[in-house]
*Asks:* 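Let me give you the structure first, and then I'll get to my questions.
Atoms considered below: every heavy atom in the structure, side chains included; atoms not considered: hydrogens, waters and symmetry mates.
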Amino acid sequence: MADEALFLLLHNEMVTGVYKSADQGEVENGRCITKLENMGFRVGQGLIERFTKDTARFKDELDIMKFICKDFWTTVFKKQIDNLRTNHQGIYVLQDNKFRLLTQMSAGKQYLDHAPKDCYSHESWGFTVFPTLLFFCLSCTSVRRILSEYHIEYLAFTCGLIRGGLSNLGIKSIVTAEVSAMPACKFQVMIQKM
Amino acid sequence: MLRYVRVKEDRKASNLVGKRKETDHPILHWSSTMSRPGNRRPEYHKIDWHLPAISSSASAHSMNRDLFVLTYGALVAQLCKDYEKDEDVNNYLDKMGYGIGIRLVEDFLARSYVKKCHSYSEIADLIAQVAFKMYLGITPSVTRNESSRNEFSLILDKNPLVEFVEELPAGRSSLCYCNLLCGVIRGALEMIHLTADVKFLQDRLKGDKVTEIRITFLKKLEDKKYRRKK
């Protein structure tokens, strides 16, 4: 879908922009991640309001998490969460094996911070990345090389999105993310009891 | 980016492998041939304004647009917090749009199979009727400036980016909320070797009746200097 490319590009530009205009101190203490997460929070709140206008009332927490995994994720990322795990005590792990915002970067264990500065000569690009979007992460890589290994900054916005959605459904939570092998990633939601 | 466009022109002349003199990078060559399947060649001979089969009234399409519009709003809000001056925010949005535009044009060309344009007015029509429709779902109208052949205006009646915006915040009267669009158009044109100056002339958010984007093409179209290498 054409709009997807737009959002993907905007998201990548946002991440690059936030890091470019930040000082070294801010990068280290995570203020950039906070900025991205707050933006995602605001967007998540708005989105969930529009999506749940006509849906029935949710029975319990698990029902809400299933809604996030199925309907919300499908509408935002065109696919469902592949795996939802919980310990029934307020911790949920959402696993997405092909996260849309990371598929255009790499498919495997080669991380961007190991990529050489000249992106054209990096062998894995041609085989793993959809051709027309080959150049999208170009500017990202040269800035990203010095930063976190697991590219949490590309997930910060989505963490905020989940947190914002849950907050407007009445659940206070903390959402973190981790990437083990691109493009799979896991979002961990910890529900906070009031 | 330069190499990609050159390969495209070579394909149209059906001299793909044999006569290319310089060694294009193998990855770039591979990627550009993959994005243009060979059996599409007959369609190059006509201007095909027909869009891919995506209806802009489909609800999933509008949800995605909500995501984009809300994200853009959150971005502008964050920028207003970070920068005090409106010009700084406008410049930042323009630069961001430029970064998006240089990549978006690839996606646009791959999806829309449009023929090479021969005049500035064709390009302006293309931007308004195909590109805007594809990405934002609206079709601005194009007006030409009679005095100068290089200036065109896109008049937007409905701007989806400002769907959730009532008015500009207090003290931000010269903020160009949609300045990203100017950067996108400028970046996209630059990747097809056209320099242009793109700016907002009128803006509904600032009280004008319509939103008008003025595109001024700066240099003449390059004189096909790549073809001489044959």
*Asks:* Using atom types as modelled and distance alone, determine if a side-chain donor or acceptor of B:Tyr92 lies under 3.5 Å from a backbone N or O of A:Gly17.
*Replies:* yes

*Asks:* How many angstroms lie between CG in A:Leu8 and CG in B:Asp107, if you round to the nearest 0.5 Å?
*Replies:* 9.5 Å

*Asks:* Given side chain to side chain contact (heavy atoms under 4.5 Å, CB included), test A:Arg42 with B:Leu70 step by step and report yes or no.
*Replies:* CA-CA 8 Å; A:Arg42 193 60 202 91; B:Leu70 285 170; over 6 Å; no

*Asks:* State, yes or no, whether a side-chain contact exists between B:Asp82 and A:Lys35 at a heavy-atom distance under 4.5 Å.
*Replies:* yes

*Asks:* For the interface with chain A, which of B:Val184, B:Leu75, B:Leu136 has the highest count of heavy-atom pairs at distances below 4.5 Å?
*Replies:* B:Leu75

*Asks:* Taking side chain as C-beta onward, heavy atoms only, is B:Leu67 less than 4.5 Å from A:Thr75?
*Replies:* no

*Asks:* Checking heavy atoms, do the side chain of A:Phe41, its backbone, both or neither come under 4.5 Å from chain B?
*Replies:* neither

*Asks:* Supply the atom-to-atom distance A:Leu9 CG to B:Glu106 CD, rounded to the nearest 0.5 angstrom.
*Replies:* 10.5 Å

*Asks:* Working to the nearest 0.5 Å, report the span between CE of A:Met39 and CG of B:Leu79.
*Replies:* 7.0 Å

*Asks:* Does B:Arg186, at its CZ atom, have more than 12 non-hydrogen atoms belonging to other residues, nucleotides or ligands within less than 6.0 Å?
*Replies:* yes

*Asks:* In terms of heavy-atom contacts, does NZ of B:Lys158 have more than 12 from other residues, nucleotides or ligands at under 6.0 Å?
*Replies:* no

*Asks:* Any chance you could measure B:Tyr72, atom OH, to A:Leu10, atom CG, to the nearest 0.5 Å?
*Replies:* 8.5 Å

*Asks:* Tell me, yes or no, whether the heavy-atom count around B:Lys95 atom NZ, taken from other residues, nucleotides or ligands under 6.0 Å, exceeds 12.
*Replies:* no

*Asks:* Could you give the distance from CD (A:Glu13) to CD1 (B:Ile100), rounded to the nearest 0.5 Å?
*Replies:* 5.5 Å

*Asks:* Is it the side chain or the backbone of B:Tyr98 that comes within 4.5 Å of chain A heavy atoms, both, or neither?
*Replies:* neither

*Asks:* Rounded to the nearest 0.5 Å, how far does CG of A:Leu6 lie from OH of B:Tyr135?
*Replies:* 6.5 Å

